[in-house]
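The figures that follow rest on heavy atoms only: side chains count, while hydrogens, waters and symmetry mates do not. We name chains A, B, ... by the order of the sequence lines, and we start the count at 1 in each one.
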Amino acid sequence: MTTETSTPPAGAAPERGDFIREIVAADLRDGKHKTIVTRFPPEPNGYLHIGHVKAISINFGIARDFGGRCHLRFDDTNPTKEEQEYIDHIQEDIHWLGFDWGGHLYYASDYFEQLYQWAVYLIKAGKAYVDDLTADEIREHRGTLTEPGRHSPFRDRSIEENLDLFERMRAGEFPDGARVLRARIDMSSPNINLRDPVLYRILHADHPRTGDAWCIYPMYDFAHGQSDAIEGITHSLCSLEFEIHRPLYDWFIENLPVPARPRQIEFARLNVTYTVLSKRVLLRLVNDGFVRGWNDPRMPTIAGMRRRGFPAEGLRDFVAGVGVAKADNVIEFGQLEHAVRDVLNRTALRRFAVLDPLKVVIENYPEGQVEEMEVVNNPEDPSAGTRKVPFRRELWIEREDFMEEPPAKFFRLAPGREVRLRSAYFVTCTRVVKDAAGEVVELRCTYDPATRGGDSPDGRKPKATLHWISAAHATTAEVRLYDHLFTRPDPGAGGDLFADLNPNSETVLPGCQVEPTLADMPAGETVQFERLGYFCLDSDSTPGHPVFNRTLTLKDTWAKLQAQGRQG
RNA sequence: UGGCGAGUGGCCUAACGGUAAGGCACCUGACUCUGGAUCAGGGGAUUGAAGGUUCGAAUCCUUCCUCGCCAGCCA
């Protein structure tokens, strides 16, 4: 091989990246591979979550950066847990995230016949045997972490008998659990994975891809490495828990006539505070109705975060920002929020919406008059232009933007105080109207006609600017506020994970007042409700009943001050 | 107690024997028609511990400590 052919393609990533990229770069530089091939291998037994976003970004990202390719391969070796629905949604989620496998879509089940032949190959070599022990007996024979295992009484069957039995397993002669095929390696290995691991089990179950063609299925350990070899995967990048399995994968590769030798490199999986990333748990949250589905906006799934309004770019930025290493880690949720806000601040259109409306009547504003105020769509992006927002005598403002007896650092509206209504006028509160219960129901204000547009000729600068909406022009909407699904940063650490579920993870506000155009907002777009946060239209919306999800709040200095005040 | 892996400010990550860097978070200040954004500045690490090698160690060696993973016919 010449130096030229071993040189990474133009645009290849710098060699000083994370430790995996350094290995890949070195392999390319040394000519070990001309091009690299990675793979993302999900089991279709649930939806993809933020942890998978990291795995996807690593596998697809490295392939892209080094001019190689990344396969999507479903590891569908357990038909009792896998479903077509998951296969479909996983593909949709990866595409939405912004990655593509370019036609390289595979299934471990594509290789079932080859895998079977390789199992026969091992039997013929005296390296695999059919075991009649029950699952419990196999467990007993396996030994413990500190004691070696014992040989199964069936370990020394003849090759002929093993061949016959394995064939009859495939033919469906035996019920589930009656027999398994095991590798014949070392029952006293300190690595338990090498103590004659099960290769095949009998499962009379319909497979989403192969239907009833098979009633024996390979274990993941027997399928994964060989599938990589078949596809010519050069770098098999996976999480740390498979590190201990690597000697077994290597054993298969060495003892089977496979066409290639993939190299497995492990990295630490992602953990996020206040979040659980266990498909088992997520499945239970869905099945037991703790959430409304895999795409519930509170779920850490790609589908959930998408519905919540997190942009794909924010998710990609987030995992890029946390890096790739081998040390266990727990990323603060705030880091995810930062990545999402960073994207949204640049891209989200600004809109007015009032979550908890308080009526304001501007007494000196002409009854029946309407003015179209010009409002900037995104101060971070002039090309987003402006829009017209109608202004009238009766408005809604946010209830929490008014205090009858304001504390020292409260800058917003109060009796006798002047504030700016964004892009409109300065108004001063002249009177507070209360109901019989003493509840504030309306504010009477005056406005200064000279401040049209939001600036005063005399240079007055109110300390606060409020968002507002014309009562006559507003559309009523439901807004759903979200908080962490779990109340503690380390859910389950107290012993009972489900006791840590946050009963207030969702708050529904039925009577919000929003700009009318928001009801026709395109799906998948997230906007900023000025001063409140980022929001997107939810799929639960119906004509005449728009529903918004709060994606995230804006950073809120005032809320922080209030929280500190409460504590001390 | 067996094997494998990992320990760097509150949370991540970098440093490839040459004197601890960056992001998030936090705290100031400036600016601001979003208490947002932006800008400027700041505090905070005897690199798990103890020895050793070296002119020099987060990096190399030794011992110890702590944490994670492995005893599915799950992946």
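Going from the C1' atom of B/rC26 to that of B/rC65 covers 31 Å, rounded to whole Å. Straight-line distance between the P atoms of B/rC31 and B/rU19: roughly 40 Å, to the nearest whole Å. Between B/rA57 and B/rG43, the distance separating the two C1' atoms is 28 Å to the nearest Å.
Between A/Y447 and A/F391, the distance from one ring center to the other does not fall under 6.0 angstrom. Ring pair A/F112/A/H207: centre-to-centre distance below 6.0 Å.
The shortest distance between the side-chain N/O atoms of A/R142 and the OP1/OP2 oxygens of B/rC73 is below 4.0 Å. A sub-4.0 Å separation between OP1 or OP2 of B/rU34 and a side-chain N or O of A/H467 is absent. For A/R531, a side-chain nitrogen or oxygen approaches OP1 or OP2 of B/rG35 to under 4.0 Å. At B/rA75, none of the side-chain N or O atoms of A/R269 fall inside 4.0 Å of OP1 or OP2 (strictly under the cut-off). Contact check, A/T273 against B/rC11: no side-chain N or O comes under 4.0 Å of OP1 or OP2. Taking side-chain N and O atoms only, A/T77 has a distance below 4.0 Å to OP1 or OP2 of B/rA75. Put simply, A/R201 has a side-chain N or O that comes within less than 4.0 Å of OP1 or OP2 on B/rC74. Within the structure, every side-chain polar atom (N or O) of A/K560 is placed at least 4.0 Å from both OP1 and OP2 of B/rA25.
Nucleotide B/rG3 holds its C1' atom 14 Å from the CG atom of A/L248, rounded to whole Å. In this entry the distance linking CZ of A/R21 with C1' of B/rU13 reads 14 Å, nearest Å. Between A/N45 atom CG and B/rG72 atom P the separation is 19 Å, expressed in whole Å. Separating the CG atom of A/D76 from the P atom of B/rA75 is a distance of 10 Å, rounded to the nearest angstrom. When rounded to the nearest whole Å, the span between CG of A/D328 and P of B/rC12 equals 9 Å. In this structure, A/R417 atom CZ and B/rG35 atom P are separated by 13 Å, rounded to whole Å. What separates CD of A/E398 from P of B/rG35 is a distance of 12 Å, to the nearest Å. Rounded to an integer number of Å, the gap from A/N329 CG to B/rG23 C1' is 14 Å.
Using a 4.0 Å heavy-atom cutoff across all strands shown, A/H245 reaches at least one base atom of the nucleic acid. A/K81 comes within 4.0 angstrom of the backbone, heavy atoms only, and of no base. Within the 4.0 angstrom heavy-atom criterion, no nucleotide atom of any strand lies near A/D221. Residue A/R246 is out of contact with every strand shown, counting any heavy-atom pair closer than 4.0 Å. When heavy atoms are screened at a 4.0 angstrom cut-off, A/A135 is found touching base atoms of the nucleic acid. At a threshold of 4.0 angstrom between heavy atoms, the contacts of A/V376 with the nucleic acid are absent. Residue contacts for A/P379: at a heavy-atom cut-off of 4.0 Å it reaches a base atom on one of the strands shown. A/E243 comes within 4.0 angstrom of the backbone, heavy atoms only, and of no base. Using a 4.0 Å heavy-atom distance criterion, A/Y217 is classed as making no nucleic acid contact. Among the protein residues, A/R139 comes within range of the sugar-phosphate backbone only, with heavy atoms under 4.0 Å from sugar or phosphate atoms but none that close to a base. Here A/L133 lies in heavy-atom contact (under 4.0 Å) with a base.
When each of A/D556, A/D401, A/T553 is paired with A/R531, the side-chain hydrogen bond (donor to acceptor under 3.5 Å, both in side chains) condition holds for A/D401 and for no other.
Defined by atom type and a distance below 3.5 Å, a donor-acceptor pair is missing between the side-chain atoms of A/H467 and A/R350.
Distance from the side chain of A/V322 is smallest to B/rC12 among B/rG35, B/rC12, B/rU1. Comparing B/rG7, B/rC74, B/rC16 by their closest approach to the side chain of A/E22 singles out B/rC16. Closest to the side chain of A/H338, out of B/rG36, B/rA25, B/rC74, is B/rA25. In the set B/rG35, B/rG36, B/rC74, the nucleotide with an atom closest to the side chain of A/K555 is B/rG36. The side chain of A/Q335 lies closest to B/rC24 when the candidates are B/rG5, B/rC24, B/rG35. Nearest nucleotide to the side chain of A/K326, out of B/rA6, B/rG35, B/rC70: B/rA6.
Pairing of B/rG5, defined by two Watson-Crick or G-U wobble distances under 3.5 Å, is identified with B/rC67.
By the rule that a glycosidic angle within 90° of 0 means syn, B/rG72 counts as syn.
Taking a cutoff of 4.0 Å between a charged side-chain nitrogen and a carboxylate oxygen, A/E43 and A/K279 do not qualify as a salt bridge.
The aromatic rings of A/F252 and A/F222 sit perpendicular to each other, their planes meeting at more than 60°, with 30° as the lower class boundary. A/F166 and A/Y200 have perpendicular rings, their planes meeting at more than 60° on a 0 to 90° scale where under 30° would count as parallel. Taking the six-membered ring where the residue is Trp, A/Y47 and A/W294 present parallel rings, their angle staying beneath 30° rather than reaching 60°.
With hydrogens and angles ignored, no donor-acceptor pair closer than 3.5 Å exists between the side chain of A/Q528 and the base of B/rG36. No donor-acceptor contact under 3.5 Å links the side chain of A/R341 to the base of B/rG36. Contact of A/E380 with B/rG36 (side chain to base): a donor-acceptor pair of N or O atoms is detected under 3.5 Å.
Here the shortest heavy-atom pairing between A/R73 and A/D228 reads NH2-OD1, 2.7 Å.
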